[in-house]
Structures are given as structure tokens and as C-alpha cells.
Amino acid sequence: MVPTEQWERSAASGPGTSTSLVDGFFRAQHHRPAALSDVDASAVDPILRGVLTTDGTVTTLIAACLLQPLAVRVLDERNVGLATDMGRWLDAAAGAMAVRRRVVIMVRLTKAPVYHAESLLLPERLPPEVADSLRTESLGLGGALRRHGAHVGRELLWYGQGRPLPWTGIPLHRPEGDLPVDPTLHRTYRLTVPNRRPAALITESFSIDVLRSAHPQA
């Protein structure tokens with residue numbers, strides 16, 4: 001595992017000090033994938049800025065902001081071999097098997113999508129009761145962790161803006177014309193168990209268009 005204390009904090013850059021401040025919450029911003037670009041933090045809605053930087057359960061925060069209960073729908077779940085770059089952040093060898101879980105988090109009553117998440121899980125490192133309840137927990141991994149009072153850490157790694165991920169099904173252009181949709185904000189973090197070993201690598205994607213449709217009065 002890359003020692004946290006040895007990671008370089010990214011230097012002040014981008015639109016201004018607000019962006020530098022947000023960058024500082026992410027321990028590996030300088031390892032951000034090349035497909036992601038800088039975000040002008042001052043132009044991001046404060047609620048979404050809070051969602052990007054929270055190190056708590058994001059479904060709880062968004063449900064409180066929307067004043068709507070959320071639910072999780074699993075789009076795909078399968079065993080995959082870890083690529084070298086992903087294995088690095090999970091302290092696992094390239095090719096080691098992990099569970100890849102892709103979900104959409106939506107408003108429970110209207111089924112309006114709110115955000116998407118892809119998790120690479122090492123179930124053997126999760127508390128057994130959490131791993132066992134993933135298939136039945138309506139709020140997914142975050143809900144299982146909260147329900148069982150699991151003691152895990154969240155280490156924010158990087159964030160940026162880019163195109164919607166293909167597996168989400170979000171179109172690249174608006175239906176009323178050929179204008180592109182607003183950029184999607186992505187953040188990646190990892191969960192660590194009490195012995196500091198990483199148990200999951202999670203990327204969450206927040207489409208501004210999707211958030212507006214889930215909460216039109218915002």
C-alpha cells in the first residue's frame with residue numbers, strides 16, 4: 001500500500017484558492033486519471049461541493065439535502081481481476097480477484113436517479129456481517145456499514161470532471177438538441193478497515209443534470 005504520509009499534496013493550481021482548498025482534502029489528487037480535468041470549486045453548488053468532500057456516508061447526506069429517502073439498484077455485479085493501477089490502491093496484486101459492483105442511487109418514491117457508483121470490493125477484508133448483507137441492504141454498501149456500526153475509514157483520493165461513464169446510460173447530449181450535457185463530477189476514495197488495510201475502492205459520479213431532475217426546485 002502506498003503510505004498515506006508519503007503522498008504529496010498537490011500544489012495550489014486551478015481557478016483559485018477555493019479549488020486549492022478542496023484539492024487539499026484529497027490525498028492523491030496528483031494521481032487523478034488523465035480523463036478527468038480540473039473543477040472550479042467556486043462554481044460548484046455548495047451542497048454538491050459538500051457531497052464531493054464528505055468522508056461520511058454520502059447517501060445520508062444527499063437524502064438529508066433532498067429531504068427524500070434513497071434506494072440503491074444494482075446494475076451489475078461480478079468478479080473481476082484487478083488491473084495494476086487499481087490493485088495498487090487496494091494493496092493487492094495485479095490480477096487478484098475483486099467484486100465489481102455498479103449501482104445507481106435513486107429517489108425511492110420517484111425512482112429518479114441521483115448518482116452512480118462503482119465499487120471494487122475485497123469481501124474477505126470487510127466485516128463478515130457487512131459482506132453478508134450487501135445483497136439485501138436497500139442502501140447498498142453505505143447502508144450496510146451504517147446498519148452494522150462497522151468501523152471503517154474513508155480516504156479521499158482524487159476528484160475531477162469528465163464525461164458520463166458509458167455504463168451509467170447517461171446520454172452525452174441533451175435530448176432537445178446537440179448540446180453536450182453538463183460535465184459529470186467524479187470522485188474516488190477507498191474504505192479501510194481498522195487494521196488500515198483497504199477493503200474497497202469506490203468511484204462516485206454526480207451528473208448535475210441528473211441531480212437537477214431529482215430535485216427540480218434546487
Side-chain angles (χ1 to χ4, degrees), residues 14-15 19 22-23 25-26 28-29 31-54 57-59 61-63 65-66 68 70-78 80 82-83 85-86 89 98-121 139-142 154 156-190 200-218:
T19 294
V22 172
D23 284 0
F25 294 128
F26 292 82
Q29 184 67 4
H31 286 291
R32 184 183 68 190
L36 299 182
S37 59
D38 290 342
V39 176
D40 180 356
S42 65
V44 175
D45 181 89
I47 292 176
L48 186 51
R49 201 158 59 231
V51 167
L52 280 174
T53 57
T54 183
T57 304
V58 74
T59 49
L61 176 58
I62 292 180
C65 291
L66 296 180
Q68 293 282 351
L70 304 181
V72 172
R73 180 162 65 93
V74 178
L75 301 177
D76 182 66
E77 184 173 336
R78 66 184 67 190
V80 298
L82 288 172
D85 55 342
M86 296 297 99
W89 300 108
V99 176
R100 189 188 70 193
R101 184 177 167 92
R102 291 172 169 173
V103 303
V104 57
I105 292 82
M106 54 193 177
V107 177
R108 185 184 300 170
L109 296 178
T110 65
K111 309 303 182 188
V114 178
Y115 72 100
H116 294 79
E118 179 180 81
S119 304
L120 290 171
L121 305 168
L139 287 179
L141 179 58
R154 287 178 175 82
L156 303 178
L157 297 180
W158 57 78
Y159 79 108
Q161 66 180 15
R163 296 160 69 90
L165 299 174
W167 63 264
T168 65
I170 297 174
L172 298 181
H173 294 85
R174 301 179 191 276
E176 64 271 17
D178 199 34
L179 294 174
V181 298
D182 288 332
T184 297
L185 301 180
H186 306 273
R187 73 169 192 161
T188 296
Y189 62 96
R190 65 181 183 175
L201 188 70
I202 301 169
T203 295
E204 294 169 338
S205 301
F206 307 92
S207 166
I208 296 174
D209 281 349
V210 166
L211 284 170
R212 286 179 184 142
S213 66
H215 194 209
Q217 64 268 38

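Just so it is clear, the structure is predicted and the values come from calculations on it, not from any experiment.
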Trainee: Y115 and side chain to side chain contact (heavy atoms under 4.5 Å, CB included): which partner among V104, V58, L48?
Mentor: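 When side chain to side chain contact (heavy atoms under 4.5 Å, CB included) is applied between Y115 and each of V104, V58, L48, only V58 qualifies.
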
Trainee: R101 and L121: side chain to side chain contact (heavy atoms under 4.5 Å, CB included), yes or no, with the steps?
Mentor: CA-CA 8 Å; R101 184 177 167 92; L121 305 168; 4.1 Å; yes

Trainee: Run R49 and V39 through side chain to side chain contact (heavy atoms under 4.5 Å, CB included) and show every step you take.
Mentor: CA-CA 10 Å; R49 201 158 59 231; V39 176; over 6 Å; no

Trainee: Within the 4.5 Å heavy-atom criterion, are F206 and V51 side-chain neighbours or not?
Mentor: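 A side-chain contact exists here, since the closest heavy-atom pair is under 4.5 Å.
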
Trainee: Do T110 side-chain atoms and A112 backbone N/O form a donor-acceptor pair below 3.5 Å?
Mentor: yes

Trainee: Hey, does I62 have a side-chain heavy atom less than 4.5 Å from the side chain of L70?
Mentor: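 SC-SC contact between L70 and I62 confirmed.
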
Trainee: When rounded to the nearest 0.5 angstrom, what distance separates CD in E118 from CD in E204?
Mentor: 11.5 Å

Trainee: Would you name the heavy atoms of A41 and T19 that are closest together and state the gap between them?
Mentor: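 Of all heavy-atom pairs spanning A41 and T19, the closest is N-OG1, 3.1 Å.
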
Trainee: So, do I202 and T188 sit near enough that their side-chain heavy atoms are less than 4.5 Å apart?
Mentor: no

Trainee: Can a salt bridge be assigned to the pair R32 and D23 using a cut-off of 4.0 Å between side-chain N and carboxylate O?
Mentor: no

Trainee: Hey, does Q29 have a side-chain heavy atom less than 4.5 Å from the side chain of L156?
Mentor: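 Heavy-atom side-chain distance check fails, nothing below 4.5 Å.
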
Trainee: Do T203 and H116 have side chains that get closer than 4.5 Å, going by heavy atoms?
Mentor: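 Sidechains of H116 and T203: no contact.
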
Trainee: Indicate the atoms forming the closest heavy-atom contact of R190 with W89, along with that distance.
Mentor: NH1-O, 2.7 Å

Trainee: Start with the C-alpha gap between L185 and L52, add the side-chain angles, then the distance that decides, and say whether side chain to side chain contact (heavy atoms under 4.5 Å, CB included) holds.
Mentor: CA-CA 8 Å; L185 301 180; L52 280 174; 3.8 Å; yes

Trainee: Can you name the nearest heavy-atom pair linking I47 to C65, along with the distance?
Mentor: CG2-SG, 3.4 Å

Trainee: Could you tell me whether the side chain of V74 reaches within less than 4.5 Å of the side chain of R102, counting heavy atoms only?
Mentor: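 No - every pair of side-chain heavy atoms lies 4.5 Å or more apart.
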
Trainee: Give me the atom names and distance for the closest heavy-atom approach of I105 to V103.
Mentor: CD1-CG2, 3.6 Å

Trainee: Any side-chain heavy atom of H31 within less than 4.5 Å of one from W158?
Mentor: yes

Trainee: Classify the side-chain pair H186/S205 by whether it contains a donor and acceptor separated by less than 3.5 Å.
Mentor: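 Judged by distance alone, the side chains do pair up.
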
Trainee: How about R100 and D76: do any of their side-chain heavy atoms sit closer than 4.5 Å?
Mentor: yes

Trainee: Could you tell me which non-hydrogen atom of T53 sits nearest to which non-hydrogen atom of F26, and how far apart they are?
Mentor: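 Closest heavy-atom pair between T53 and F26: CG2-CE1, 4.1 Å.
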
Trainee: What do the steps show when you test M86 against L201 for side chain to side chain contact (heavy atoms under 4.5 Å, CB included), and what is the final call?
Mentor: CA-CA 8 Å; M86 296 297 99; L201 188 70; 3.4 Å; yes

Trainee: What heavy-atom pair brings P113 and M106 nearest, and what distance separates the two atoms?
Mentor: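 Shortest heavy-atom separation between P113 and M106 comes out as CA-CB, 3.9 Å.
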
